[in-house]
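Lettering follows sequence order; numbering is per chain, from 1. Just so it is clear, the structure is predicted and the values come from calculations on it, not from any experiment.
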Amino acid sequence: MNALSIEEVKKLIDEYGIAEGKKEEVKGLPPLPNTEGWKVIVTRFAPNPDFVIHLGNARAALLSYEYARLYNGRFVLRFEDTDPRIKRPLPEAYELIREDLKWLSIRWDEEYIQSLRMELYYGTAKKLLEIGAAYVDLCSPDTFRELRNLGKACPHRDEDPSISLERFEKILMGEYGEGEAVIRIKTDLSHTDPAVRDWVMFRIIDTTKYPHPLTGDRYRLWPTYNFAAAVDDHFMGVSHVLRGREHTLNTLKQQYLYRYLGWRYPEVLNFGRVGIEGFILSKSWIKTQLKDNPEKFMGFDDIRFATLSSLRRRGIAPETIKQIIMELGVRGVDAKISWANISAVNRKTLDPRSKRVFIVCNPIKVIIRGLEAPLKVVIPFHPTNDLGSRAFTMSRPEVYISKDDLQHLVRTGCIRLMEFANIRYINTASDGIVEAEYLSKGLEDAKKLGAQIVQWVPVESAIKVVIHRAHNGKLKRMVCIGENSLLELQQGEIIQMVRLGFGRIDRIKRDSITVVYSHE
RNA sequence: GCCGCGGUAGUAUAGCCCGGUCAAGUAUGCGGGCCUUUCGAGCCCGUGACCCGGGUUCAAAUCCCGGCCGCGGCACCA
């Protein structure tokens with residue numbers, strides 16, 4: 001290399017540069033490992049419907065979905081609701097999750113609910129019991145743990161399969177209570193990680209006490225996550241599993257089951273956690289807070305949470321979420337996304353398609369002399385894109401501007417009311433009302449004068465605008481004044497409040513609206 | 001404590017497997033300029049990083065060892 005002339009080096013750089021560029025185009029997502037040998041690439045998203053999903057879940061969902069699409073494969077949605085006791089499913093969560101996914105433009109080819117597939121799990125369990133790969137364990141949790149930590153077998157491990165099968169039937173008949181029996185898979189009692197040793201495939205849950213929202217008290221014997229997920233992944237033909245790092249050990253556990261049954265284990269990709277700076281991600285934390293201090297929050301979609309419903313309410317576009325997640329990729333390290341980064345992406349997404357409206361905080365009334373009334377000012381909602389327009393009609397030339405902008409007016413002597421008129425300051429009356437004089441209409445004058453261009457609202461048609469904003473983990477409420485065209489917008493619409501920032505219309509009432517502040 | 005994974009600019013990410021295209025790319029942030037009826041968008045310029053210490057090698061962000069730091073798991077949760 002060092003022997004090459006500068007020309008030659010340049011040539012090499014050029015060549016490689018071109019090759020690099022080509023690679024980039026095909027790329028996007030890094031290729032999945034070991035795609036060969038799978039007739040069709042199948043991925044799945046398997047949430048627990050105990051609550052709405054958050055950004056971390058969105059990562060699993062989006063990556064899985066995008067990979068399935070990339071390889072022309074199938075994408076499966078599977079609800080993992082096999083714990084009616086500790087992680088009791090929330091009946092409405094099934095539909096809320098579906099809606100969140102649709103919002104992200106995710107479409108699934110198949111949908112399954114685990115609590116509706118119990119017979120399949122029982123059948124597989126029976127098979128494992130028959131071949132002696134699993135056993136019914138009647139030891140107390142403490143006793144088992146003690147033996148397991150010593151690497152010793154529990155007395156039931158070596159009993160004849162027929163005994164376990166008999167007990168299995170008895171469990172199904174309801175002859176054992178909660179905690180009295182559990183079904184374990186035989187793994188390696190000397191495995192370095194005790195958690196792997198003979199892990200639990202099924203446990204008994206008293207569904208008369210803890211009825212399942214879908215199946216009531218029909219089943220008492222419930223598969224654990226590792227069993228149900230493993231069995232389903234096989235029968236659904238899942239080729240690639242993309243899930244969080246917290247599942248690393250589960251892969252190891254589930255592989256024992258696959259070995260016994262001669263199944264091929266899917267390829268696994270474990271990625272790190274995603275969080276947003278200053279946002280709350282933990283589902284369980286949110287749930288307990290909502291239960292203990294409901295008055296402190298706006299509901300399950302409080303704008304300080306990192307759930308998808310919260311981000312949506314905050315005015316974050318699905319495209320933004322998608323872009324952020326895709327940029328993260330499948331890396332195994334945790335990522336804390338900065339809000340500045342999300343805002344920037346969101347701003348670019350929304351700028352071309354959000355209506356620009358006038359909202360004034362800390363309003364000061366300005367009376368403009370030298371203008372003929374009535375007046376009509378038509379302003380388009382967007383300077384370059386056709387998003388329609390609205391008309392401001394005034395029977396008298398009185399407008400609100402913000403207190404901060406009044407400073408400009410006083411200091412520099414003049415300001416420009418955007419898209420309307422250039423005005424000159426005269427004085428401020430004792431009641432705080434400002435008197436100003438009409439100067440001219442053209443923008444050129446404003447530029448010549450170096451006048452600040454500000455948003456404004458006609459006094460006679462102003463409406464109340466309540467802005468909710470999250471700041472340093474606290475909710476803030478600001479009451480401002482806005483143009484009346486806001487009442488004609490759609491609830492849920494994202495607007496650009498000129499010079500204030502982006503926001504989403506949270507609620508529209510007869511003569512006022514509530515806006516959630518997104519970001520600058 | 002035990003087991004496992006990882007550490008690239010303020011943040012996120014590319015490169016690491018297969019050592020020389022890396023005097024490290026991209027986005028965002030920050031500084032400056034241009035443009036523009038917003039303090040928004042766009043365009044241009046600039047800023048800023050391979051956790052530390054050894055080793056292997058002609059050559060290390062990339063391979064090896066040690067340290068430090070961060071994270072995950074150690075459930076009859078998912």
Touch class at under 4.0 angstrom, heavy-atom based, for [X] against every strand present:
X: A:N57; result: nothing
X: A:E80; result: sugar-phosphate
X: A:G179; result: base
X: A:I324; result: nothing

Taking atom P in both B:G19 and B:C63, what distance in whole Å separates the two?
9 Å

Considering only atom P, compute the distance from B:G4 to B:G66 and round it to an integer number of Å.
13 Å

Would you say A:C154 and A:C139 have SG atoms less than 2.5 angstrom apart?
no

Of all the nucleotides listed (B:G40, B:G73, B:G7), which has the minimum atom distance to the side chain of A:E246?
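Selected nucleotide: B:G73.
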
Compare the minimum distances between each of B:G7, B:C77, B:G10 and the side chain of A:R85, then state the nucleotide with the smallest one.
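Nearest to the side chain of A:R85 among the choices is B:C77.
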
Between A:D351 and A:G329, name the one whose nearest nucleotide on RNA chain B is closer to the 5' end.
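Looking at RNA chain B, the more 5' nearest nucleotide goes with A:G329.
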
Examine the base of B:U26 for any acceptor or donor lying under 3.5 Å from a partner atom in the side chain of A:E327, and report the outcome as yes or no.
no

If you measure only the distance, is there a donor-acceptor pair under 3.5 Å linking the side chains of A:N48 and A:Y225?
no

Would you say A:T82 places a side-chain N or O within less than 4.0 Å of OP1 or OP2 belonging to B:A78?
yes

Residue-phosphate contact under 4.0 Å: A:K336 side-chain N/O, B:A12 OP1/OP2:
no

State, with a plain yes or no, whether a side-chain heavy atom of A:Y219 is found less than 4.5 Å away from one of A:T207.
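A side-chain contact under 4.5 Å is absent here.
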
Between atom CZ in A:R273 and atom P in B:G6, what is the gap in whole Å?
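Whole-Å distance recorded here is 18 Å.
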
To the nearest Å, how far apart are A:R331 CZ and B:G7 C1'?
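After rounding, the gap between these two atoms is 8 Å.
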
Answer yes if the ring centres of A:Y94 and A:F79 are under 6.0 angstrom apart, and no otherwise.
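Yes, ring centres under 6.0 Å apart.
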
